[in-house]
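So the structure is just underneath, and the comments pick up after that.
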There are 2 protein chains.
Amino acid sequence: MRKRRSTQADVAALAHVSPAIVSLVINGHMDGNVRISAQTRQRVWDAIRELGYVANPVARKLAGSQNRLLGVFTYQAIFPLEYHDFYYPFLIGIEEEAQAQDYDLLLFTRPTTNGKRSIYKEGINSLQMADGALLLGVYQGPDEITQLMQEGYPFVYVGRRDIPGMNIPYVAADYVAATVQVVEYMHSLGHRRIAYLSKQDRIPYEAHYDRQSGYLLAHQRLEMVLDERLLIACDLEAITPALLQQYLSLGVTALLFEDISYAHKLLNVTKQMGMSVPHDLSFALLGDPLNETQHLTGMTGFSIPRREMGKEAVHLLINLLQGNNSLKGQQLTLPCTFMKGNTVMPPTHL
Amino acid sequence: MRKRRSTQADVAALAHVSPAIVSLVINGHMDGNVRISAQTRQRVWDAIRELGYVANPVARKLAGSQNRLLGVFTYQAIFPLEYHDFYYPFLIGIEEEAQAQDYDLLLFTRPTTNGKRSIYKEGINSLQMADGALLLGVYQGPDEITQLMQEGYPFVYVGRRDIPGMNIPYVAADYVAATVQVVEYMHSLGHRRIAYLSKQDRIPYEAHYDRQSGYLLAHQRLEMVLDERLLIACDLEAITPALLQQYLSLGVTALLFEDISYAHKLLNVTKQMGMSVPHDLSFALLGDPLNETQHLTGMTGFSIPRREMGKEAVHLLINLLQGNNSLKGQQLTLPCTFMKGNTVMPPTHL
DNA sequence: CTGAAAGCGCTTACAG
DNA sequence: CTGAAAGCGCTTACAG
């Protein structure tokens, strides 16, 4: 049995003023030419207290025509166990900045099309519920994003998204520079033949291209010979002693990969071959070793400024909402931090 | 340049019907005497699609219906680094069940009173934006919860909350039984004098009382002598070799505490005293050792079914929203799982 | 079967 | 300095 809440009108009646006055008093609008006598104020506050009046935030938002709601959308569950350590810092940053800027967060968790999440449900943009949205996580191809852009819905992608002809707002990590740094580090220790393993059959996407660019760029800068055979597209299962042997015979002394699962697999395979890491072969992850690798601490790689990225994405989105549409600054790239680790040492088999 | 969001009126105009019809079509009200021709429906849906119309949840809520939004409220940040491992499983459960039941999640992150979060801001219940809410985390005393109950706002607390005269819906972990189990385990190994250290100056709260009840209950069941001197209220700083020595001289062979920080402190102190755990003194945590204790793996304690609790809380809340107000089943207590660990062994100093 | 209207509880110009 | 009114975008009786 919910008792009816008292409303602004009740207060107004009790205080013998119009509802508008109540609103003004509550919101402290004593600015400009709106001036309300101290006496009236007092009457209003007394009435409010007597009735235990509390403004209805929903009505408030409707009248104010903005709901201070920022959407957060991911194609998969936002809180999956597998990506625990990966997503978390983004969320920390997002929450921090949302709180600082006085926005609430709307998490889109409702399945839309046949049990899966998608932005558009029967052609309708379900994000509309929020003022704007942050998109993060797995990339599903450009379709929905393109539509979102065309529609003019304000959003920011966490991670670089590049669709030709479009200026997609994003906050990304600088994988190019970070990769260059890893290669340079290896080079400085004496490595000259560095192989780069990557997944074969995934949707090609920006984060991969950027690392590859970094790899190429570093070779150019360091005047290392670029051997295309060292750019290896192979899935996890394809990694065998035979394969590895083949690359070793090409003079490879160090390995680069994008996913931590490769480290585990490679560790197994090298062990089978009687080799030890990094003594016989150096490794580096072109990504964040995180803490998840309990069996593999001290991996050489780089840390991704995920928390910062979350904060900046919120910041950028709010700018967008406020109509700061200058194309400049809609795309932000933050630097990664090189992590020396202990899986790289000078090559011994030269 | 944001184009204006299209509204129900726009759709109505395009479809050549009245706004009311649009509302009825969207909400699928084909029940009762409201019958709308398939043709009209089609026109409405076409218009909706063409305009990309999505109902404004705020307006919807104001007009008196639900918007399939479940609030999540915590007094502190939801995603703090310190409570990373603690909160996460709750959120996983909450998201899972929300998704399964087709609800979105609204995270309240807006600071309300002077930079801090509170449910009521100047008397305003900010949770109103959502159909109902899940409350979790640190307890701030009964005030706001009492108000929430009186107001009739639907919510479920994750964790037991007991306010005299009120039937607060919650989903809790069974700390009583779990504590009994820990004491029984110690007893079975030969411990007869088990001290219980707890913080001194915190707000007394249910989770603490429940553990204490378990401690007392176990003593009763096992016919152990209850020595009140073994119920020790002391803060972390108060733990010194002198203090510990004092309890050892009372014949204490095992220690219980509620917070992992006590384990670290006690480990230091015992080390100073030249004792080793568990050989000279057994330890158990009346809580979840989690994984956070990298320096302290294998702590004896119990795991809290956090993910399940999250799921059940959502389930219960939705029940409440649907008007299932039977008092029964509004309070759910889930069992914990004893974790044997390796910080308890038979007492040697007898 | 469908339309016109009132109302949800606020805020914000706009008049006095 | 204060009041009357329109409007935010919906839903739900109530008439036809």
Side-chain angles (χ1 to χ4, degrees), chain A residues 2-44 47-48 51-69 128-131, chain B residues 4-44 47-48 51-69 121-126 128-129 131 151:
Chain A
R2 303 174 71 155
K3 60 175 179 203
R4 197 180 72 88
R5 306 175 44 165
S6 51
T7 69
Q8 203 179 63
D10 300 333
V11 175
L14 217 184
H16 302 294
V17 297
S18 78
I21 298 295
V22 178
S23 174
L24 293 175
V25 169
I26 286 177
N27 295 308
H29 283 194
M30 32 188 153
D31 52 295
N33 43 12
V34 187
R35 186 144 276 172
I36 299 171
S37 71
Q39 216 181 77
T40 305
R41 274 176 200 292
Q42 193 53 53
R43 279 214 315 281
V44 170
I48 287 175
L51 294 175
Y53 167 71
V54 295
N56 179 336
V58 178
R60 235 174 177 170
K61 278 187 179 169
L62 218 213
S65 68
Q66 58 161 339
N67 50 20
R68 298 200 83 83
L69 236 41
Q128 298 256 24
M129 223 179 182
D131 291 340
Chain B
R4 200 176 64 86
R5 258 178 85 153
S6 52
T7 68
Q8 204 179 63
D10 299 332
V11 175
L14 218 184
H16 301 294
V17 297
S18 77
I21 298 295
V22 177
S23 174
L24 293 174
V25 168
I26 286 176
N27 295 309
H29 284 195
M30 31 189 152
D31 51 296
N33 43 12
V34 186
R35 186 143 277 172
I36 300 171
S37 71
Q39 216 181 76
T40 304
R41 275 175 199 293
Q42 192 55 52
R43 279 214 314 283
V44 170
I48 287 175
L51 294 175
Y53 168 72
V54 175
N56 179 335
V58 176
R60 224 173 184 165
K61 194 70 187 151
L62 217 215
S65 80
Q66 307 217 324
N67 49 18
R68 298 201 84 80
L69 238 41
K121 172 198 179 137
E122 290 160 13
I124 300 175
N125 172 5
S126 46
Q128 297 262 17
M129 179 80 229
D131 292 341
E151 190 182 329

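Numbered from 1 within each chain, the chains take letters A, B, ... in sequence-line order.
A/Asp10 has its CG atom 11 Å from the C1' atom of C/dG9, to the nearest Å. One can place CG of A/Leu24 at 15 Å from P of C/dC14, the figure rounded to the nearest angstrom. Summarising the geometry, the separation between CG on A/Leu62 and P on C/dC8 is reported as 14 Å, rounded to the nearest angstrom. When rounded to the nearest whole Å, the span between NE2 of B/His16 and C1' of C/dG3 equals 15 Å. Rounded to whole Å, the distance from CD1 on B/Ile21 to P on D/dT12 is 14 Å.
Considering CG of B/Leu62 and CZ of B/Arg60, their distance stands at 13.5 Å, rounded to 0.5 Å. The OG1 atom of B/Thr40 sits 11.5 Å away from atom CG of B/Leu24, with the distance rounded to the nearest 0.5 Å. From B/Leu51, atom CG reaches atom CG of B/Leu14 across 5.0 Å, with rounding to the nearest 0.5 Å. Annotation: the span from A/Ile21 atom CD1 to A/Arg43 atom CZ amounts to 9.5 Å, rounded to 0.5 Å.
Residues B/Ser23 and B/Gln8 come closest through the heavy atom pair CB-NE2, 3.4 Å.
The phosphate of D/dC1 has neither OP1 nor OP2 within less than 4.0 Å of any side-chain N or O from A/Thr40. Note on A/Gln39: every side-chain N or O is 4.0 Å or more away from OP1 and OP2 of D/dC1. In this model, the phosphate group of D/dT11 is approached by a side-chain N or O of B/Arg60 to a distance below 4.0 Å at OP1 or OP2.
Here the side chain of B/Ser18 is nearest to one of C/dT11, C/dT12, C/dG3, namely C/dG3. If you check D/dT11, C/dT2, C/dT11 against the side chain of B/Gln8, the one that comes closest is D/dT11. Checked against D/dC10, D/dT2, D/dT12, the side chain of B/Ala20 finds its nearest nucleotide in D/dT12. Closest contact between the side chain of A/Ser23 and the listed nucleotides D/dG9, C/dT12, C/dA5 involves C/dT12. Which of C/dT2, C/dG9, C/dG3 sits closest to the side chain of B/Val17 comes down to C/dG3.
Base pairing of C/dA4 is not made with any nucleotide, judged by Watson-Crick or G-U wobble geometry with both donor-acceptor distances under 3.5 Å. C/dA13 is unpaired under the criterion used here, namely a Watson-Crick or G-U wobble arrangement in which both key atom distances are under 3.5 Å.
Each of B/Ala59 and B/Pro19 has a nearest nucleotide on DNA chain C; the 5'-most of these lies closest to B/Pro19.
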